[in-house]
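These notes are about the structure you will find just below.
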Amino acid sequence: MAQHDNPFRPGAGQKPLYLAGRDSEQIKFRKLLDQKPVLRNLIITGLRGVGKTVLLDNLKPLAQKGKWLWTGNDLSESVSLSEERIATRVVADLSQLLTPIIVHHSETLAFGFSDDIKKSEKPISFDDLWNVYQSTPGLTSDKLKQVLITAQKLLRGTSVNGIVFAYDEAQNLSDHAKEGEYPLSVLLDVFSSLQKNHDEIPILLILTGLPTLFPRLNEARTYTERMFEVMQLERLSIDACRLAITKPIEIAQSPLAFGDNVVNAVTQMSGGYPYFIQYICREVFDAWISRIDAGESPSVDRESIITKLDMDFFAPRWERTTVRQQEFMQVISCLGNIDEGFTAQEVATESGEILVKKFSPSHAIQMLQALSDKGLIYRIKYGKYCFAVPLMADFIRRQQHKLASANPA
């Protein structure tokens with residue numbers, strides 16, 4: 001890297017120079033690859049900014065080192081609209097894997113009066129696999145299952161030890177009973193069925209998404225708990241935060257270094273969330289470079305960094321909500337210990353203390369569902385809810401403080 005290149009990389013799924021605090025998760029994944037037969041698949045879940053996609057990207061080379069093929073994609077809401085769309089996604093991903101390594105052989109008689117046989121070879125393509133899908137009778141699950149069985153047979157005798165199908169943003173997957181479409185159930189049924197055949201090359205399914213993912217899977221199929229190992233990613237420990245802050249600078253061999261006071265400040269500001277660490281460190285690093293170039297002493301401008309983070313990360317999510325939904329979230333931010341979860345009744349009670357127009361318990365439940373649909377709230381167990389966006393309550397309190405400052409009594 002150049003002398004003053006910024007070694008920090010905030011962004012959706014951007015791989016940091018150093019992955020801190022996820023060693024135990026990688027060890028668990030290696031054990032899943034060692035299963036004979038595959039009995040447990042993998043779910044990686046957690047709040048936004050906790051590093052789910054980054055961890056997923058770091059698991060890929062571990063699988064490839066063990067001679068597992070790896071394919072996958074982001075699951076958009078459009079993919080989840082129908083069974084055929086999810087099937088198309090899986091077949092397309094599979095064809096990209098097989099094309100470089102599997103060759104289709106064909107034989108034809110040469111033109112003319114000769115008895116010579118003309119042999120030809122071409123890579124297996126999406127069309128080849130899709131023809132298998134279309135020619136198989138039965139339901140979508142039967143068709144997709146036959147495509148995967150065909151792939152397993154094609155890989156016999158190769159050095160491949162298995163196939164990993166890894167899908168990010170899987171919280172978008174859902175069944176649509178009213179339309180008679182069950183894409184999520186199809187995906188679970190197909191993989192569950194194939195994993196019962198211990199004679200073929202193993203297949204492992206990885207789903208990554210927000211905390212709403214696992215409850216949704218359980219609603220689709222009751223056996224999901226037996227089918228998956230769940231990795232719940234939490235914020236980093238203080239020691240892991242320190243490594244996430246200092247190691248990228250060391251790896252980049254930068255002449256700049258953050259002192260303990262800066263490391264402690266970034267740790268506190270970030271709440272231990274990897275995305276925020278990368279974001280804040282990038283801002284600090286850029287600010288330091290500009291100040292040094294101007295002959296000034298480097299320092300951390302906490303207020304300007306938080307303001308920029310609010311505008312880039314929190315404000316777009318906040319602005320997608322209605323005024324009444326914003327009032328509802330303001331009430332939540334006033335509750336104590338919200339990291340432990342809160343109930344609709346608690347929000348309704350608190351609203352009576354601070355709002356002129358309070359929320360009834362039934363209205364509170366409706367609001368929680370609406371905010372859950374927007375990815376801002378998720379339900380944990382025993383009727384409790386949490387913010388799906390880390391540090392969202394702090395952002396909301398800052399908005400209330402700004403409003404109060406702008407309109408003094």
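Note that these values count all heavy atoms, side chains included, but never hydrogens, waters or copies made by symmetry.
Remark: F191 pairs with F165 by the ring pair (Phe, Tyr, Trp, His ring centres under 6.0 Å) rule, at least two apart or across chains. Take D168 and apply the salt bridge (charged side-chain N to carboxylate O under 4.0 Å, His left out) test, not counting sequence neighbours, and it matches no residue. For H176, the ring pair (Phe, Tyr, Trp, His ring centres under 6.0 Å) test picks out no residue, with sequence neighbours left out. Residues meeting the side-chain contact (heavy atoms from CB on, under 4.5 Å) test with A344, sequence neighbours left out: A364, I365, L368. In this view, D93 and R89 satisfy the salt bridge (charged side-chain N to carboxylate O under 4.0 Å, His left out) rule, not counting sequence neighbours. K247 is linked by a salt bridge (charged side-chain N to carboxylate O under 4.0 Å, His left out) to E250, counting only residues two or more places apart in sequence or in another chain. With sequence neighbours excluded, no residue forms a ring pair (Phe, Tyr, Trp, His ring centres under 6.0 Å) with F387. For E200, the salt bridge (charged side-chain N to carboxylate O under 4.0 Å, His left out) partners two or more places apart in sequence, or in a different chain, are R156.
Contact between L371 and F328 at its shortest, heavy atoms only, is CD1-CD2, 3.7 Å. Residues W70 and L97 share a closest heavy-atom pair of O-CD2, 3.3 Å.
Under a cut-off of 6.0 angstrom, the local environment of CZ in R379 is sparse, with at most 12 non-hydrogen atoms contributed by other residues, nucleotides or ligands.
Contact check on R216 versus E219 returns no salt bridge, with no Lys/Arg side-chain nitrogen under 4.0 Å from an Asp/Glu carboxylate oxygen.
Applying the salt bridge (Lys or Arg N to Asp or Glu O under 4.0 Å) rule to pairs touching residues 141-151 yields nothing, sequence neighbours excluded. Among residues at least two apart or in separate chains, there is no salt bridge (Lys or Arg N to Asp or Glu O under 4.0 Å) pair with a member in residues 261-271. Counting only residues at least two apart or on different chains, the salt bridge (Lys or Arg N to Asp or Glu O under 4.0 Å) pairs with a member in residues 45-56 are R48-E169. The stretch residues 29-46 participates, sequence neighbours left out, in these side-chain hydrogen bond (donor to acceptor under 3.5 Å, both in side chains) pairs: N41-Q195.
Between F313 and the options Y273, F276, W318, a ring pair (Phe, Tyr, Trp, His ring centres under 6.0 Å) holds for only F276.
With hydrogens and angles ignored, the 3.5 Å screen pairs a side-chain donor or acceptor of T136 with a backbone N or O of V132.
In this structure, R397 fails the cation-pi test against F395, since its NZ or CZ atom is not both closer than 6.0 Å to the six-membered ring centre and inside 45 degrees of the ring normal.
Between D128 atom CG and T150 atom OG1 the span is 10.5 Å, to the nearest 0.5 Å.
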